[in-house]
Amino acid sequence: MLATMRYSKFFIPTLRDDPADAEVISHKLLLRAGYIRRVTSGVYDYLPLAVRVLRKIEAVVRDEMNRAGAQELQMPMVQPGELWEKSERMEKYGPELLRFKDRHGHESCLGPTHEEVICDLVSRELRSYKQLPMNLYQIQNKFRDEIRPRFGLMRGREFIMKDAYSFHADEDCLAAEYKNMFDAYCRIFTRFGLKFRPVEADTGSIGGSDSHEFHVLADSGEDLIAHCGACEYAANVEKAVSNRQTVAVEQAELKMVDTPVVTSAEDVAGFLSVDIALLVKTMVYRIIGGEHDGVIVAACVRGDDQVQEIKLAHAVGADSVELATDAEITEIGGVTGFVGPQNLLSRVLLDHSLQGATGLVAGANRKDAHITGLDTARDITSGEFFDLRQTRAGDTCAKCGGNIELSRGIEVGQVFALGTRYTEPMEVLFQNQQGQRSVATMGCYGIGVSRLMAAIVEQCNDAAGISWPLTLAPFSVGLISMGKSGAVLEASEAIYHQLKGAGIDVLWDDRKERPGVKFKDFELIGLPLQVVVGDRGLNDGQVEMGWRKNERRSVPVADIVSVVLSELQSSELQSVETGN
RNA sequence: CGGGGCGUAGCGCAGCCUGGUAGCGCAUCUGGUUUGGGACCAGAGGGUCGGGUGUUCGAAUCACCCCGCCCCGACCA
């Protein structure tokens, strides 16, 4: 029974070399240290060490969710297609939704998220406003058939998620719960000792009105977040708004100039020796989804800006946008490489930064030609202005005028105020205080538990391996028997049982390995505290204790349990105080 | 979906160009010597060379097809 906490019997398949197919640190270390193994693209086995960490992460999440008043339930992973038809997401969710038919030919899918199922459940049981609000959550495997799974646990197809769903009688109540969940998330990530940041976010395919993402700051993050150096403003670049300084140029005559072969904004600016910010970059897109599905539109930003496609999609009421083909560009009167906003046969959307701008350079919609002296107010009569550009470092904050900086982040949580996006089609109705039928409002709140494990490794590692925060380490203490004399093994076993008896998670390395091997392995798998039992000290009744990669000190055998306990406790206290 | 790379023992790799007995390091097993920071000696086991078809007397090696994996991109007109 206890044999399982002996290293010699515990399943920890460590690797000396980094597996060749791992790129990011968390992926390499989780593989090397024996936490995960790949089953197929984006799908992993969680080995015993990983399960211990996941259980600890989940325990903190549960603790805070329960404390915030949510109740745990468990929904199925296999969901009936008809629920997705009802919410109108069967088509909308796209190929990420893995669909299949059961033996009776019923359309089914693997749950990528559970709005449909929870709404179906609640709609059957909800009758009165007196039952509201309620917040239900689960911790469960999700499946999303990602275009390109990568970076190990960071973007898997199957992953572990905590997802919570709240239902309310009115908007104010939803707003209060949104805040409640927001605060709970801050407490959760603080307890993990993470450098994180909540940011305003786009609502994406989930939909709804208001949303924040929680990002763990890490260079390997897939998301770009913009934040103000002076105030609290922070947002995903998919949504971030900011101001930019524009160059003032006098009004000029419209002129066509030859620009043979030069097409990119950089090249044109160089060729004509003008500031790249005076270029108008005109991108042609095809609308995907929504009322205007398939329609071609042009989007203009300044030459040194980029079109933020999610903003563009919102501006035209689309699900997404895709770059148009050359043929489609020709269709609207454009010439690939020389597209400009004038005389196009499509809608022309311009970024706010172009409003009232003069002296601009744009494509002439003729091969090898651009126009100069463009004045958006004067020359583009049918232009519509939107926020279309992607925020850049050095922009000024729209709220306070401070300096905007960009950072990379790993999205580990997101909260949404959904309103009635799902409750309306799914008919989540109740009788209100006035006796009338009313549609419930809804919020949903997710945490990527398995991604969180990887994100923590991204922040907590060094050349030797993983250095777990004490609260999440698979074992708090690594007990190393040094040398194989009977006395060492006996003393180790006794200490092992005493530590266990004191409620401490301890892994006893009873292997017949040389000391270096044991130290390296413990540093790789990331156990925070080491206790070393060796002949050298044992003769004087001493063992050693020290934090990972730090100096060890001698402790009398008789005191080791109490010293370890106080050491662990003071470390926990410290981490609460410093939030680290 | 497009581009690039890769697939040979559990892990990391060589061999392929120029066809001819499948190799190295680590790991594993046995024995011995070691034992305070990834030991040493001796021996051993482990391979459908991703799969299929073809060319050839003969294919890990050449050709074609398929599969899988990784990276980049999905973008600046």
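Numbered from 1 within each chain, the chains take letters A, B, ... in sequence-line order.
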Visitor: Hey, which sits more toward the 5' end of RNA chain B by its nearest nucleotide, A:Q530 or A:G340?
Guide: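 Here A:Q530 is the residue nearer the 5' end.
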
Visitor: If the C1' atom of B:A63 is compared with that of B:C26, how far apart are they to the nearest Å?
Guide: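 It works out to 36 Å between them.
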
Visitor: Give the rounded distance in Å between these two atoms: CZ of A:F519 and C1' of B:G36.
Guide: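 Interatomic distance, CZ of A:F519 to C1' of B:G36: 6 Å.
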
Visitor: Going by atom types only, do A:D505 and A:S476 share a side-chain donor-acceptor pair under 3.5 Å?
Guide: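 No, because no side-chain N or O of A:D505 sits under 3.5 Å from a partner of the opposite role on A:S476.
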
Visitor: If I take atom CD in residue A:E266 and atom P in nucleotide B:C76, what distance separates them, rounded to the nearest angstrom?
Guide: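 Distance, rounded to whole Å: 10 Å.
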
Visitor: Could you check how far CZ of A:R511 sits from P of B:A39, rounded to whole Å?
Guide: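 The answer, rounded to whole Å, is 12 Å.
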
Visitor: Taking the C1' atom of each, how far is B:A9 from B:G5, in whole Å?
Guide: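 After rounding to an integer number of Å, I get 23 Å for this pair.
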
Visitor: Of the residues in residues 40-47 of chain A, which ones touch RNA chain B at a heavy-atom distance under 4.0 Å?
Guide: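 RNA chain B contact set from residues 40-47 of chain A: A:T40, A:S41.
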
Visitor: Which pairs count as ring pair (Phe, Tyr, Trp, His ring centres under 6.0 Å) when at least one residue sits in residues 348-397 of chain A, sequence neighbours excluded?
Guide: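 Those involving residues 348-397 of chain A are A:F338-A:H370.
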
Visitor: For B:C40 versus B:U35, give the span between their P atoms, rounded off to a whole number of Å.
Guide: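 So the two P atoms sit 14 Å from each other.
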
Visitor: To the nearest Å, give me how far apart NZ (A:K512) and P (B:G38) are.
Guide: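 In whole Å, B:G38 P lies 21 Å from A:K512 NZ.
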
Visitor: Compute the ring centroids of A:F475 and A:Y7, then answer whether they are less than 6.0 Å apart.
Guide: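 Between A:Y7 and A:F475, which both carry aromatic rings, the centre distance is not below 6.0 Å.
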
Visitor: I need a per-nucleotide contact map over nucleotides 3-16 of chain B, read 5' to 3'. Cutoff is protein heavy atoms under 4.0 Å; write B for the base, S for backbone only, - otherwise.
Guide: --------BSS---

Visitor: As a test of reading the structure: which of B:C71, B:G37, B:A77 is closest to the side chain of A:T336, going by heavy atoms?
Guide: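 That would be B:A77.
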
Visitor: Write down the distance between CD1 (A:I310) and C1' (B:A74), rounded to a whole number of angstrom.
Guide: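 So the two atoms are 13 Å apart, to the nearest Å.
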
Visitor: Roughly how many Å apart are B:U56 and B:A14, using the P atom of each and rounding to a whole number?
Guide: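 B:A14 and B:U56 have their P atoms separated by 32 Å.
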
Visitor: Rounded to whole Å, how long is the line connecting atom CE of A:M154 with atom C1' of B:C71?
Guide: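 Rounded to the whole Å, the gap is 15 Å.
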
Visitor: Provide, to the nearest angstrom, the distance between the CZ atom belonging to A:R150 and the C1' atom belonging to B:C70.
Guide: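 So the two atoms are 12 Å apart, to the nearest Å.
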
Visitor: Find the distance A:I332:CD1 to B:A77:P and express it as a whole number of Å.
Guide: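 For the pair A:I332 CD1 and B:A77 P, the rounded distance is 16 Å.
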
